[in-house]
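Naming convention: chains lettered A, B, ... in sequence-line order (proteins, then strands); numbering from 1 in each chain.
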There are 2 protein chains.
Amino acid sequence: MSKKTETPRSAKRSVTAHDVAKLAGVSQSAVSRHFTPGASVAPKTRQKIIEAAEQLGYRPNLIARSLITKKSNLIGIVLPLNTNPYYQSILEELSYELSTHGYRILLFTNQTGHDSDLLIEEILHYPLDGLILVAVNLSSHLAEECKQNDLPVVMMTRKTESKTISSVTGDNIHGVHTIVDFLLAGKHQKFAYIAGEPQSSTNYDREEAFFSYLASQGFNDVQKAIGYYTYEGARLAARKLLSVSTPPDAIFCANDHMALCALEVAQYEFKLQPGKDISIIGFDDNYLASWDSFQLTTYSQPSKQMVHQAIQLLLEQIEQEDFLPKHIIVKGELIIRYSSRLPLNYQ
Amino acid sequence: MSKKTETPRSAKRSVTAHDVAKLAGVSQSAVSRHFTPGASVAPKTRQKIIEAAEQLGYRPNLIARSLITKKSNLIGIVLPLNTNPYYQSILEELSYELSTHGYRILLFTNQTGHDSDLLIEEILHYPLDGLILVAVNLSSHLAEECKQNDLPVVMMTRKTESKTISSVTGDNIHGVHTIVDFLLAGKHQKFAYIAGEPQSSTNYDREEAFFSYLASQGFNDVQKAIGYYTYEGARLAARKLLSVSTPPDAIFCANDHMALCALEVAQYEFKLQPGKDISIIGFDDNYLASWDSFQLTTYSQPSKQMVHQAIQLLLEQIEQEDFLPKHIIVKGELIIRYSSRLPLNYQ
DNA sequence: TTGAAAGCGCTAACAA
DNA sequence: TTGTTAGCGCTTTCAA
């Protein structure tokens, strides 16, 4: 009784254009045409197709379509989704803006520190229209692979040595210089740096700019601790920097996420009053920075603008045969809040 | 000179199994077999294929494969990616655990408040192996559609009236009762509630439980303001609740995100000391709740466990023909921190 | 173990 | 405007 009969049909057979055609009494290509914007179908035929499709609950299989159109409308996105709130904003904006262009997101998250090459290897098995790498380091080996496969790629908040890959980054140099100028105007005396992932281009740029600019102003005794761009890492780093006899009166953190943690360590563990006893400055202007609990002074990386630029770059690559890689630097601005001491007579 | 010759070839033609076969001097099906785990290929043939594939940089097109295997290894995920940090954790864990099962994520974000029916309509055009809806309300109309299309669906942190869709939710009732018991033990006198999205099942459950349990204990004068599960909404709601002559000494917020905001409003705008002048309690235990700046008392919705359950449920549905919908409630626990007044002699 | 052939669901010539 | 046909890149019978 419960024994299966001749039609197991475990593989779900979805409704196809062929089914609709049969029911409507037209050809399968007529059905295809009806779902192709701008194709010519007689009103009468169209009506029959609409009814049949409606009745069967037919929806064109977009993936099958892509096989022949060579356009999947799929954009791969790789980003670290740890607790750093900045990437949440980036992803949200990517999702929103890509959808307005008719693209869908195939999402890949990479564990921070993991080798992203394996992941990207895997990604190349999908017929993507483009790839956006957020805060991911791309080996020049794989950069070449993407190039060879004609896969448009844009890196966000990172650069690769291979100059063939376009990138959108914040203005690390201008940002750091602005921050240092601000700190110097505030008569800070002892500086420290909480570094991000040492491997990353962003950390390299920010660290290099911070130390060399300070050195040029006569400050050579600048402390450093590595926070690896994580909250936990920053906790240890901040403790280390503050646990000395004469702690710094200014800490620049390579991103906001770490700065927020440093702020808490200074405030709750070392009983220092940010903006008075110590100045803490971040980089990003993530959405927590403006919260009353933090009021973090920071240099902004305008995520909306950067996402917009990245998508424009990607679209250009998709459309143009002979696109030349561009490296866009999006200027931010110093957002002054209460985590830092103001220069006297500051307006 | 720069004029294009006979081969425009603008459509990028990727390397196919056929190309590899030709170069290796074998049939295309041999190539396919080599990339099929467990298929029988002679070592000699295999070697030739490996070399040819390597030379051409061949990778099987996973999407083309899915057309015939009827398995895309794609899971659709819909979730709101506003600034609520809880969903970032959920997405991260979904991504991680799904990848261990060989699944990839097709990501769809829905604007809070937007009609998700249109979005899901769109989603049904993709040959997904499953769909996970996070904090999204699903109309019973579309629930039926999914059922008809044999698309396995699991809802997280929401339920739908249609009992055909499986769900994983936190223990709203137990959570609220635990919270109320704790507040009563702390001798709180005046209660208020900041509501989430009025349409959502979670808000309904929490609100209903909060008000009816308090009423059963003789507290009928309980204030309410709607925060729509957003930070901004909560700000207005908190201000409203606190701007009266005798403000509440206990506010329960329908999620942590709003509770964090309420905490800030109480502290920075109304100069109230949380845990002393006022108790604020949330729901979720998101990653900010434990930060020193907040120390929010809350009832946890263990995201890791919930994600695990949701994926299990989805996998069961994918594998079993005759799966019956399940509704899993994951118990959390009261996490007592400093945003709430402790009962006397509390241990 | 291998290749030929059919076909997944669809689009896009082409001819009628 | 329509149907016929070929074929996207792949897997999977089926015979050899």
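- Per the geometry, CG belonging to B:Leu62 stands 13 Å off C1' belonging to D:dT11, to the nearest Å.
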Derivation and outcome, side chain to side chain contact (heavy atoms under 4.5 Å, CB included), residues B:Ile328 and B:Thr169:
CA-CA 6 Å; B:Ile328 293 181; B:Thr169 55; over 6 Å; no
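- You'll find that the side chain of B:Ala42 is closest to C:dT1, out of D:dT1, C:dT1, D:dG3.
- Considering only side-chain atoms of A:Arg65, the nucleotide from C:dC8, C:dC10, D:dT1 that sits closest is C:dC10.
- Side chains of B:Met306 and B:Glu93 form no contact here, defined as non-hydrogen atoms less than 4.5 Å apart.
- At a cut-off of 3.5 angstrom, counting only N and O atoms as typed in the model, there is a donor on one side and an acceptor on the other between the side-chain of B:Arg33 and the base of C:dG3.
- Checking D:dG9, D:dT12, C:dC10 against the side-chain heavy atoms of B:Thr69 singles out D:dT12 as nearest.
- Distance CZ (A:Phe35) to P (C:dG9): 15 Å, rounded to an integer number of Å.
- The distance from atom CD1 of B:Ile63 to atom C1' of C:dC10 is 14 Å, rounded to the nearest whole Å.
- If you check every strand for non-hydrogen atoms under 4.0 Å, A:Pro127 touches nothing.
- Among D:dT1, C:dT2, C:dG9, the nucleotide with an atom closest to any side-chain atom of A:Asn61 is C:dG9.
- Ranking D:dT11, C:dT1, D:dC8 by closeness to the B:Ser32 side chain, first place goes to D:dT11.
- Between D:dC10, D:dT12, D:dG9, one nucleotide has an atom nearer to the side chain of B:Ser14 than all others, and that is D:dG9.
- In this structure, A:Glu316 pairs ionically with A:Lys326, as a charged nitrogen and a carboxylate oxygen lie closer than 4.0 Å.
- The residue among B:Leu67 and B:Val41 whose nearest nucleotide of DNA chain C lies closer to the 5′ end is B:Val41.
- Between C:dT2, D:dG3, C:dC10, one nucleotide has an atom nearer to the side chain of A:Ala30 than all others, and that is D:dG3.
- A donor N or O paired with an acceptor N or O is found under 3.5 Å between the base of D:dT4 and the side-chain atoms of A:Ser29.
- Test A:Val153, A:Val168, A:Asp129, A:Ile75 against A:Leu314 for side chain to side chain contact (heavy atoms under 4.5 Å, CB included) and you get one pass: A:Ile75.
- Checking D:dG3, D:dT1, C:dC8 against the side-chain heavy atoms of A:Val26 singles out D:dG3 as nearest.
- If you measure from atom NZ of B:Lys70 to atom P of C:dC8, you get 7 Å, rounded to the nearest angstrom.
- Here the P atom of nucleotide D:dG3 and the NE2 atom of A:His34 are 14 Å apart, to the nearest Å.
- In this structure, B:His125 atom NE2 and C:dC10 atom C1' are separated by 13 Å, rounded to whole Å.
- Rounded to an integer number of Å, the gap from NZ of A:Lys71 to P of C:dC10 is 19 Å.
- Comparing B:Gly25 and A:Ala64 along DNA chain C, the residue whose closest nucleotide (by nearest heavy atom) sits nearer the 5' end is B:Gly25.
- Of the candidates B:Leu79, B:Leu119, B:Asn110, B:Asn110 is the only one forming a side chain to side chain contact (heavy atoms under 4.5 Å, CB included) with B:Val136.
- Within the nucleic acid shown, A:Tyr58 comes within 4.0 Å of sugar-phosphate atoms alone, with no base atom in reach, counting heavy atoms only.
- Here the nucleotide nearest the side chain of B:Gln28, chosen from C:dA5, C:dC10, D:dT4, is C:dA5.
- Distance A:Ile68 CD1 to D:dT5 P: 16 Å, rounded to the nearest Å.
- Here the side chains of A:Tyr126 and A:Leu106 are in contact, with some heavy-atom distance below 4.5 Å.
- A:Ser27 has a side-chain polar atom (N or O) that falls below the 4.0 Å cut-off from OP1 or OP2 of D:dG3.
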